[in-house]
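None of the values given here were measured: they were computed from a predicted structure.
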There are 2 protein chains.
Amino acid sequence: MAETQIKNMEEFSAVSGISRPTVSKYFNDPDSVRHTTREKIEAAIEKYDYRPNIFAMNQNRKMTKNVGIVVPLLADPYFAEIARNLEQRCIDAGYRPTLFSAHGDPALETEVLENLRSMKPAGVLLAPLGRASDRRSLEKFVEDVPTLIFDSSVEEFGIAFVGSDNFQFTSHITDYLCRTGEPPCFFEMKTPANPNAHRRRQSYLNAMEAFGHEPQVISVDGEGWSFEEIGRLGGHEALSNKQFSTNTILCSNDRLAIGLLTACYEQGIKVGRGPEAAIRVAGQDGHPHSRYTCPPLTTISHDYDAVSMHAAEALFLAIDGHVEPWKSTRLEGKLILRDSA
Amino acid sequence: MAETQIKNMEEFSAVSGISRPTVSKYFNDPDSVRHTTREKIEAAIEKYDYRPNIFAMNQNRKMTKNVGIVVPLLADPYFAEIARNLEQRCIDAGYRPTLFSAHGDPALETEVLENLRSMKPAGVLLAPLGRASDRRSLEKFVEDVPTLIFDSSVEEFGIAFVGSDNFQFTSHITDYLCRTGEPPCFFEMKTPANPNAHRRRQSYLNAMEAFGHEPQVISVDGEGWSFEEIGRLGGHEALSNKQFSTNTILCSNDRLAIGLLTACYEQGIKVGRGPEAAIRVAGQDGHPHSRYTCPPLTTISHDYDAVSMHAAEALFLAIDGHVEPWKSTRLEGKLILRDSA
DNA sequence: GTAATTTCTTTACGCGCGTAAATTTTTTGT
DNA sequence: ACAAAAAATTTACGCGCGTAAAGAAATTAC
């Protein structure tokens with residue numbers, strides 16, 4: 001690295017021997033300049049360690065290279081994991097991702113979108129809070145910014161939706177449970193955070209009917225995003241009152257299942273699929289933590305990789321101007337058999 | 001809101017009746033203008049929904065209002081939780097926080113800092129990867145940007161360090177375990193990710209000596225940040241080989257403990273403090289998930305609130321120019337008694 | 001009420017880069 | 001080798017705001 005400190009593109013253009021507009025063009029898209037020119041510029045970048053001022057860059061460009069990634073709750077490893085995936089894909093595609101979390105709070109979600117707007121993002125990958133989201137501010141946002149909705153759909157907002165096929169999820173795992181033991185009861189939140197839960201309940205009802213079993217849904221109280229605690233408290237109540245009509249419980253999601261497992265433990269109820277176990281518990285999501293519960297949780301897992309790939313690709317296409325009608329992509333999950341069911 | 005769309009500060013200055021330089025002053029610091037002026041401006045903001053262009057703002061200011069928050073692994077709920085805390089404090093103090101994760105990768109950590117630099121942040125709250133961090137790039141970074149190190153200290157880098165008192169952590173919980181049963185063995189990673197682990201081991205050795213017990217450290221293999229899996233695999237090996245000389249195991253951190261609990265489960269070993277339990281297991285960190293293990297994990301918890309408060313305050317003071325000699329603040333943890341020990 | 005002080009206005013320039021237009025140079029096709 | 005096409009250069013302006021300087025206006029002090 002040379003000792004002369006380059007402070008702007010003008011100076012850089014001088015030392016690199018390439019005119020400033022061409023240098024500017026290069027930074028906008030390295031492939032847009034001739035191969036030999038590109039090499040000269042990159043040699044100079046290497047030598048002088050020059051990087052253009054991103055604020056000055058973004059000020060004039062109508063479209064920046066910024067991409068916002070918004071999740072409802074970053075403290076949930078599921079969202080952390082998918083956000084990590086998306087982040088990497090954005091970087092690989094030459095964008096500058098920025099991570100945001102609504103922390104379970106609708107007001108914060110609105111605020112985050114408000115702030116995002118001022119970053120003039122080329123696009124946004126948004127997993128909405130769901131039921132609690134402020135519909136009007138979401139609507140206003142997606143009008144102005146190319147937004148791909150993932151994880152949980154909100155009407156036909158944005159350019160497309162990419163998520164998991166909740167119907168497949170639940171029917172698949174219900175099928176498994178029915179084939180390997182007593183048919184499952186369904187354990188869920190009474191007022192779930194997002195519409196995925198409704199689909200899963202409906203799919204459970206459908207599947208049970210198809211198999212000729214009597215469905216039983218236990219809906220527990222609880223607001224907010226403390227699913228484990230809701231599952232634990234609700235589980236205690238349901239267990240104490242003997243609300244489960246069979247020895248098998250399918251939870252609406254893994255976090256609820258984790259709470260339920262804790263409740264079972266606290267009541268001395270042995271969970272598993274062995275003969276000595278009293279009940280079987282299964283979850284849904286393939287939560288990063290589900291491997292380490294006791295017993296390890298049988299679940300049906302999101303295809304993290306596929307979801308993030310489809311979501312990112314769809315957004316990048318839209319940014320590049322490939323307009324397509326709104327589309328919903330729902331990917332299948334994979335059953336993960338462990339000891340809990 | 002009026003229908004006229006204000007597109008820059010010039011226009012806003014016209015409709016608000018305040019000159020542009022004064023409006024600019026207001027956005028730089030609302031308290032720097034006269035009370036009556038401030039009200040006029042804020043009324044106009046409300047009416048016209050104007051927000052200054054952040055790129056243009058940041059371009060000329062030598063110091064922005066940006067604050068970077070960098071953690072080693074956002075998928076770890078511990079870091080997610082503390083990041084959330086810090087984020088909120090930054091917002092409350094009028095800064096614009098941006099979240100970054102090194103995702104356990106030293107190269108990514110360096111890259112994140114490189115990108116952060118171009119955001120000209122007023123300051124950075126950095127929890128380094130630790131042992132794996134690239135010392136030289138950290139050093140270069142903290143020279144240029146006011147950086148507060150938290151969670152895991154790296155020499156005397158940055159403006160200060162704020163974290164937990166690992167010596168107090170381990171001596172406190174070791175004391176508890178000794179008083180309530182057999183003295184603990186210490187379960188850790190052979191090559192831990194950060195220096196906190198070394199302090200904890202040392203503190204364990206000190207405490208055991210003080211109590212007149214023979215210490216026993218079991219160090220398990222494993223690289224990276226998959227602590228649960230490392231704990232599980234190492235736990236299996238240690239349990240099979242009967243390496244634990246007492247019935248009590250203190251883990252270097254909660255994630256390791258969670259893995260160990262899974263190993264115990266998989267070997268049919270009952271964990272708890274009751275008479276029917278075979279061993280006791282305790283962790284350290286107060287991991288958000290520790291409440292929901294089976295049995296719920298006895299641990300010693302970081303004071304998340306205090307750590308984030310001290311860290312944020314120290315950074316804000318430094319940004320405001322209060323230069324103080326480098327200082328290390330280590331906060332005590334609180335013992336959380338649960339069923340596992 | 002007057003002077004001192006604070007705050008605001010006017011004027012003006014610059015930051016670093018995007019980008020458009022006209023021109024020149026280089027590359028490509030045949 | 002020559003014309004056509006592609007890419008680079010020169011020139012020039014603008015983006016939205018920070019900020020400095022000088023003077024006018026409003027507030028405060030006494």
[X] [atom1] - [N] [atom2] separation (whole Å):
X: A:D31; N: D:dA6; atom1: CG; atom2: P; value: 17 Å
X: B:R34; N: C:dT5; atom1: CZ; atom2: P; value: 17 Å
X: B:E10; N: C:dT11; atom1: CD; atom2: P; value: 11 Å
X: B:K25; N: C:dT7; atom1: NZ; atom2: P; value: 7 Å
X: A:H35; N: C:dT27; atom1: NE2; atom2: P; value: 13 Å
X: A:K7; N: C:dC17; atom1: NZ; atom2: C1'; value: 13 Å
X: B:M9; N: C:dC15; atom1: CE; atom2: C1'; value: 15 Å
X: A:K40; N: D:dA8; atom1: NZ; atom2: P; value: 9 Å

Check: Going by modelled atom types, is there a donor-acceptor pair between the base of D:dG18 and the side chain of B:R20 at under 3.5 Å?
Finding: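 For B:R20, whose side chain was compared with the base of D:dG18, there is a donor-acceptor pair (under 3.5 Å).
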Check: Is the base of D:dC17 touched by the side chain of B:N60 through a donor-acceptor pair closer than 3.5 angstrom?
Finding: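 Indeed, a donor on one side and an acceptor on the other fall under 3.5 Å apart.
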Hey, is the side chain of [X] poking within less than 4.0 Å of OP1 or OP2 on [N], counting only N and O atoms?
X: A:S24; N: C:dC17; answer: no
X: A:T37; N: D:dA8; answer: yes
X: A:Y26; N: D:dA7; answer: no
X: B:T22; N: C:dC8; answer: no

Can you figure out which of [options] approaches the side chain of [X] most closely?
X: B:R61; options: D:dG18, C:dT10, D:dC17; value: D:dG18
X: A:P52; options: C:dC8, D:dA8, C:dC17; value: C:dC17
X: A:I18; options: D:dT9, C:dC17, C:dT26; value: D:dT9
X: A:M57; options: D:dT10, C:dC17, D:dC17; value: C:dC17

Notebook entry, point to check: Do the rings of A:Y50 and A:F27 sit parallel, tilted or perpendicular, given the 30° and 60° boundaries?
Noted result: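 The arrangement is perpendicular - the two ring planes meet at more than 60°.
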Margin query: Would you call the rings of A:F55 and B:F55 parallel, tilted or perpendicular, taking 30° and 60° as the class edges?
Written below: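 Geometry flag for B:F55 against A:F55: tilted rings.
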Note to self: Go through it in stages, so that I can follow the logic: the residues are B:Y95 and B:F316, the test is ring-ring contact (aromatic ring centres under 6.0 Å, His included), and I'd like the CA-CA distance, side-chain angles, deciding distance and then a yes or no.
What the structure shows: CA-CA 9 Å; B:Y95 294 96; B:F316 300 156; 4.9 Å; yes
Check: Base, sugar-phosphate alone, or nothing: which one does B:N28 contact when heavy atoms must sit under 4.0 Å apart?
Finding: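 Sugar-phosphate contact only - B:N28 comes under 4.0 Å of backbone atoms but never of a base.
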Next item on the list: Drop me the distance from A:E46's CD to A:E39's CD, to the nearest 0.5 angstrom.
Entry: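 One gets 13.0 Å once the value is rounded to the nearest 0.5 Å.
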Margin query: Closest-nucleotide mapping onto DNA chain C: is B:A56 or B:G17 further toward the 5' terminus? I mean the 5' end.
Written below: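 Taking each residue's closest nucleotide, the earlier one in sequence belongs to B:G17.
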Margin query: If the threshold is 4.0 Å, N to carboxylate O, is there a salt bridge linking A:K7 and A:E11?
Written below: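 A:E11 and A:K7: salt-bridged.
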